[in-house]
Amino acid sequence: MAATLSTALDVHYTIPHSSDTKRSTIFFTSPLKFHTKRFTILCTSSKSPPKPPPPNLAEPQQQKNPSLSDQLKPLSSTILTDTTNKDQLSQTHLLSKPKSIWVNPSKPKRSVISLQRHKRSPYSYNPQIRDLRLFAQKLNDCENSEGAFMSVLEEIPHPPTRENALLLLNSLKPWHKTHLFFNWVKTQKLFPLETIFYNVTMKSLRFGRQFQLIEELAHEMIADGIELDNITYSTIITCAKRCNLFDKAMEWFERMYQTGLMPDEVTYSAILDVYAKMGKVEEVLSLYERGRASGWKPDPITFSVLGKMFGEAGDYDGIKYVLQEMKSLGVQPNLVVYNTLLEAMGKAGKPGLARSLFEEMIGSGITPNEKTLTALVKIYGKARWARDAMELWERMRSNRWPMDFFLYNTLLSMCADLGLEEEAERLFEDMKRSEQCRPDSWSYTAMLNIYGSGGSVDKAMKMFEEMSELGVELNVMGCTCLIQCLGKAKRFDDLVRVFGVSVERGVRPDDRLCGCLLSVVSLCEDSGDVEKVLACLLRANPKLVAFVKLLGVEKTSFEIIKEEFRVILSDTAVEARRPFCNCLIDICRKRNLHERAHELLYLGTMYGLYPGLHNKTANEWCLDVRSLSIGAAHTALEEWMGTLSKVIQRQEALPELFSANTGTGTHKFSQGLGSAFASHVEKLAAPFRQSEEKAGCFVATREDMVSWVQSRIQSPAGTT
DNA sequence: CCGGGCATAG
């Protein structure tokens with residue numbers, strides 16, 4: 001198999017792997033692509049094309065309005081018909097800032113947004129407001145049934161005039177009661193129900209996510225000839241969005257244009273958010289550009305929508321673009337915008353930029369809230385920036401910045417990320433003493449994570465017992481942390497008990513928990529223990545257990561392993577695939593199935609689980625084992641040495657430097673891949689030395705490598 | 001007293 005794997009590793013020399021495929025930089029590196037892409041908002045990239053209005057919808061009154069998709073013809077086609085020298089124009093315009101396109105158009109573009117916000121009608125002071133508020137409270141407090149509601153309603157202190165009815169309608173919750181009251185007012189027929197009555201009712205229905213009812217009301221408005229205004233549409237659209245009915249949101253947005261109503265910026269940013277939530281980045285940017293071209297100066301909420309979208313995409317260039325746009329338009333970010341952008345920076349993996357953005361925010365005089373601090377604490381924890389995390393924590397205390405439940409739990413998780421056991425314990429005690437923030441399932445899980453990764457088994461078990469006593473739910477992550485910890489401590493009987501209790505208490509094992517059990521199997525010295533742990537795994541993933549057994553059957557062919565492993569991996573969550581492969585390799589090595597281990601590493605490489613394992617330049621060949629388990633790293637090193645021997649024997653060109661990167665294990669609790677690697681290198685007497693410049697890197701010169709390989713060829717000792 | 005944006009995990 002060795003030859004086959006070297007072939008696989010060789011494949012890596014030539015195929016550049018890209019780990020950055022999720023970056024979308026449409027707008028910034030390739031404006032041409034963006035602007036020339038044919039785009040119609042409702043048709044092209046939507047999985048479900050827009051349906052015609054349902055038959056019970058009245059026909060829109062004004063057919064003269066083009067559909068939105070017609071209005072949003074690609075910018076490029078509009079520009080190119082305006083000139084004879086198309087090539088030149090497309091060059092100059094597409095490379096300049098998009099908005100410059102609109103400086104002097106021969107025909108003004110049709111506007112897509114109304115620059116005037118919908119005006120609200122003023123209301124006059126109602127002297128009965130006090131009575132009516134008390135009455136509304138009474139209605140809110142009564143039993144949530146039609147009978148109870150109607151009998152309280154008979155005690156209404158003042159006649160339900162238009163103003164009184166509106167006031168009551170505005171004060172009612174939950175949505176059932178608003179709806180009952182709306183219907184009651186309708187049956188009274190004391191005055192015609194105007195748009196505002198529908199709007200207020202819809203707002204309440206949206207709280208209860210009652211899209212069906214909202215749509216019924218909208219159809220009723222259409223049938224009765226009651227005008228739908230921007231407030232109506234934005235409420236319908238945001239309700240559809242919250243119910244994940246994106247097609248519905250688009251359908252109503254489209255209908256709005258068709259009836260000749262121009263969205264104002266509230267409706268417009270609501271629909272931008274709909275597209276953003278669907279991940280339609282290009283569509284959002286196109287809409288944004290069209291709005292800008294109509295003379296719209298977006299407000300902070302719009303930028304928050306854009307920032308969130310780029311954050312979800314992990315697109316740092318996009319986040320930069322949002323900041324630039326705000327700057328050039330003179331829009332000052334508010335607290336929510338900063339919160340969104342901080343979170344986005346975290347998702348884009350830019351802790352340093354998140355830190356400067358936070359300082360900029362403080363500098364501009366904005367006080368952070370719980371959400372700001374939650375985002376930042378999470379970022380520092382994940383980046384393992386212990387110093388920044390502790391400084392921030394100190395600032396939170398000395399400035400008395402607000403704390404809440406999320407923030408407590410995030411601080412606990414940060415302690416887990418940084419290995420701060422004592423700090424976490426103090427925090428946890430604070431929470432127990434507090435009124436508002438008693439530890440919940442998240443808090444206990446964080447503690448299980450801290451004790452689990454720190455190897456404090458007894459403390460972890462104490463948490464587990466405490467959870468049972470207090471009735472705190474154990475979730476799959478807490479269970480995984482505990483199992484991992486018990487496994488490392490070789491307390492297999494406790495492990496089996498914890499697993500059983502967890503499943504009884506409703507924990508549904510996921511792929512990460514299976515990976516954890518598999519890693520415990522690789523730690524077992526005794527075959528009886530192996531069976532115990534496999535029995536747990538059998539309840540969660542019988543196929544995986546069958547595969548583990550198959551690996552030990554000597555006559556199993558490589559082809560069978562290949563196919564069965566493929567099936568296993570395709571049934572496995574992406575984030576658990578490499579851990580599975582690592583553990584399986586470890587298991588094989590533990591059982592002295594070294595050939596099998598090499599086969600699995602080969603297959604793992606084939607199936608793309610180890611991108612960038614081997615990097616080759618003219619000067620340096622580097623084996624990057626940072627994402628490998630100890631057994632897998634040993635296997636990869638052996639494989640690499642085998643390949644090098646052949647290359648040297650064939651007298652092919654070699655680089656000056658060889659290096660193996662184990663990483664430094666920035667996590668306090670990481671398992672020490674570097675030292676394991678060092679001792680394996682020592683056992684092989686390979687000429688690798690710890691690099692002085694680069695921590696976690698082992699280096700060897702060409703001369704040393706060649707003489708070592710040649711000595712091994714002469715006396716092939718210690719080849720396993 | 002009618003409409004839009006922000007948070008917790010192995």
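A note on names: the letters A, B, ... follow the listed sequences, proteins ahead of strands, and every chain is numbered from 1.
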Looking at the side chain of [X], which of [options] is the nearest nucleotide?
X	options	result
A:N126	B:dC1, B:dG5, B:dC6	B:dC1
A:V336	B:dG10, B:dC6, B:dC1	B:dC6
A:R120	B:dC2, B:dG4, B:dG10	B:dC2
A:D417	B:dG5, B:dG10, B:dG4	B:dG10
A:K308	B:dG5, B:dC6, B:dC1	B:dC6
A:I196	B:dG5, B:dG3, B:dC2	B:dC2
A:K203	B:dC2, B:dC1, B:dC6	B:dC2
A:N449	B:dC1, B:dC2, B:dG10	B:dG10
A:D510	B:dG4, B:dA7, B:dG10	B:dG10
A:K371	B:dG4, B:dC6, B:dG10	B:dC6

Mind checking A:S171 for me? I need base, sugar-phosphate or nothing, with any heavy atom below 4.0 Å counting as a touch.
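Here A:S171 touches no strand at all.
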
Indicate, with a heavy-atom threshold strictly under 4.0 Å, whether A:L335 touches base, sugar-phosphate, or nothing.
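Nothing, no nucleic acid heavy atom in range.
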
[X] [atom1] to [N] [atom2], straight-line distance once rounded to whole Å:
X	N	atom1	atom2	value
A:E312	B:dG5	CD	P	15 Å
A:I483	B:dG10	CD1	P	18 Å
A:Q128	B:dC1	CD	P	17 Å
A:N409	B:dA7	CG	C1'	11 Å
A:E575	B:dG10	CD	P	11 Å
A:E265	B:dG5	CD	P	13 Å
A:L272	B:dG5	CG	C1'	11 Å

Parallel under 30°, tilted from 30 to 60°, perpendicular over 60°: which one fits the rings of A:F182 and A:H179?
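Parallel: the ring planes of A:F182 and A:H179 meet at under 30°.
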
Are A:K347 and A:E343 close enough for a salt bridge, meaning some N to O gap below 4.0 Å?
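Yes, this pair counts.
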
Indicate yes or no: does A:K277 engage A:D273 in a salt bridge with an N to O separation below 4.0 Å.
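Yes, A:K277 and A:D273 are salt-bridged.
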
For [X] and [N], is the shortest distance between a side-chain N/O and OP1 or OP2 below 4.0 Å?
X	N	value
A:R242	B:dG5	yes
A:R117	B:dG4	no
A:K119	B:dC2	no
A:R206	B:dC2	no

Side-chain donor or acceptor of [X] under 3.5 Å from a matching atom on the base of [N]?
X	N	answer
A:N199	B:dC2	yes
A:S234	B:dG3	yes
A:N334	B:dG5	yes
A:T267	B:dG3	yes
A:D229	B:dG3	no
A:N339	B:dG5	no

Is the distance between the ring centroids of A:F428 and A:Y444 under 6.0 Å?
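Yes, ring centres under 6.0 Å apart.
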
Testing the 3.5 Å rule here: is there a donor-acceptor pair between the side chains of [X] and [Y]?
X	Y	result
A:D229	A:T195	no
A:E227	A:Y198	no
A:T267	A:N230	yes

